[in-house]
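Accompanying notes for the structure given below.
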Amino acid sequence: MKDALILGIESSCDETSCSIVKNGTTELATIISSQIDIHKDYGGVVPEIASREHVKNITIVLEECLTEAKVTMDDIDAIAITYGPGLIGSLLIGLEAAKTLAFIHNKPLIPVHHIAGHIYANNLVRPLTFPLIALVVSGGHTELIYMKENYSFEKLGGTKDDAVGECYDKVARVLDIPYPGGPLLDKMAHEGNATYDLPTPLNDDSYDFSFSGLKSAVINLVHNEQQRGNTIRKEDLAASFQKVVVDVITKKTIRALNNYQVKNLIVAGGVAANRGLRESLTTECQKEGIDLTFPPMKYCTDNAAMIATAGFYAYQKGDRADLSLNAKSSVPLS
Ligand code: KG4
Ligand code: ZN
């Protein structure tokens, strides 16, 4: 089979990224321009600022990517673009860039769902083995997905309210940890002990999750302690919060694997970087004889390498979009 070079473009939130991946496995170049330092001052991503930054960055990131990969647009076989879900203004910048390139250079346009991208980041570690279950844990998603084969997605369950990363960021905020709070809260959790008593959310037989009650429990606890003039032991509270989150996610994931008789687990999304979750899943998967893959640390959060990788399989499957493709802020994966 002839090699296929896919150019991936990702701009769904606050990272502008382009990447070129060969045959869904070999990365030639990936450039990521992050806006975290800009949004930090506001305690979260400001959509209007994010869109404007994407406008400033997109052509520079694209040029750098082509230069680093030592290829021209003539060498590219198809353009894979995140069309959703995400911030609509941010998505539109990447999408317009992709459509323009596809039109000028006469290349196929491949629409890629952002979560399919996160899942396929694991393919850059080693080829996915099927059937598998993907645990998707990010700032916008908490889902268990069953994949019978390449590019087939069946949702088993998901969050009823907040996504797990969102919950991390909101809990971090009440503890005065700067945005994005997830990574720092994870670090603090390893420096403390789980001494605070917090409720386990949606501790039932479903594959669904719920994090808003837990978030409120932490926020109320902090406010009550402050009103009483008590000092919060932040590291202990972080450890207590992380333990509840990790335990419930691990338990439901292992149950899904056993019930569906699946021996392969992959983890996807920003929270796949979480040390507590990595440790807990590694231990439990070893016990159960389950093959576990995490994405490379640098590709847990948003990047275009994962979009180019997913794009290769969508391309092989025959997925194509025309220039009427629109961005979607909310769209299911399956
Ligand atoms: O996948 P991602 O870049 O964006 C979405 O598609 O949502 O994930 C970002 C999320 C943020 O909420 C961030 O706080 C969280 O992932 N995150 C973490 C860790 N690293 C990133 N949450 C917990 N522990 C971490 N180590
Ligand atoms: Zn993401």
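What you are looking at is a predicted structure, and each value in this text was computed from that prediction instead of being measured. Numbering of ligands and ligand atoms starts at 1, following listing order.
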Mark up the atoms of ligand 1 that fall under 4.0 Å of a heavy atom belonging to [X], in ascending order.
X	value
G182	14 (O), 18 (C), 19 (C), 22 (N), 23 (C), 24 (N), 25 (C)
G140	7 (O)
D169	11 (C), 12 (O), 13 (C), 14 (O)

N, O or S atom of H141 closer to the Zn ion (ligand 2) than 2.8 Å: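 Looking at H141, which is the residue asked about, there is no N, O or S atom under 2.8 Å from the Zn ion (ligand 2).
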N/O/S atom of C13 inside 2.8 Å of the Zn ion (ligand 2), strictly under: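 No, outside the cut-off.
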Is the number of heavy atoms from other residues, nucleotides or ligands within 6.0 Å of CZ (F103) greater than 12?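 Check fails, neighbour count at 12 or below.
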Listed once per pair and sorted, the side chain to side chain donor-acceptor pair (under 3.5 Å) pairs that draw on residues 94-104, sequence neighbours left out: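 Pairs touching residues 94-104 that pass the test: none.
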Kindly give the atom name of the N, O or S atom of D302 closest to the Zn ion (ligand 2).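 Looking only at N, O and S atoms of D302, the one nearest the Zn ion (ligand 2) is named OD1.
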With sequence neighbours excluded, give me every salt bridge (charged side-chain N to carboxylate O under 4.0 Å, His left out) pair touching residues 257-282.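 Every salt bridge (charged side-chain N to carboxylate O under 4.0 Å, His left out) pair that includes a residue of residues 257-282, provided the two are not neighbours, is R275-E279.
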K187 to ligand 1, any heavy atom closer than 4.0 Å: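 K187: no contact with ligand 1 (<4.0 Å).
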Close approach, C13 and ligand 1, non-hydrogen under 4.0 angstrom: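 So C13 does not count as touching ligand 1.
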State, yes or no, whether a side-chain contact exists between P178 and L184 at a heavy-atom distance under 4.5 Å.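 Yes, close enough: below the 4.5 Å cut-off.
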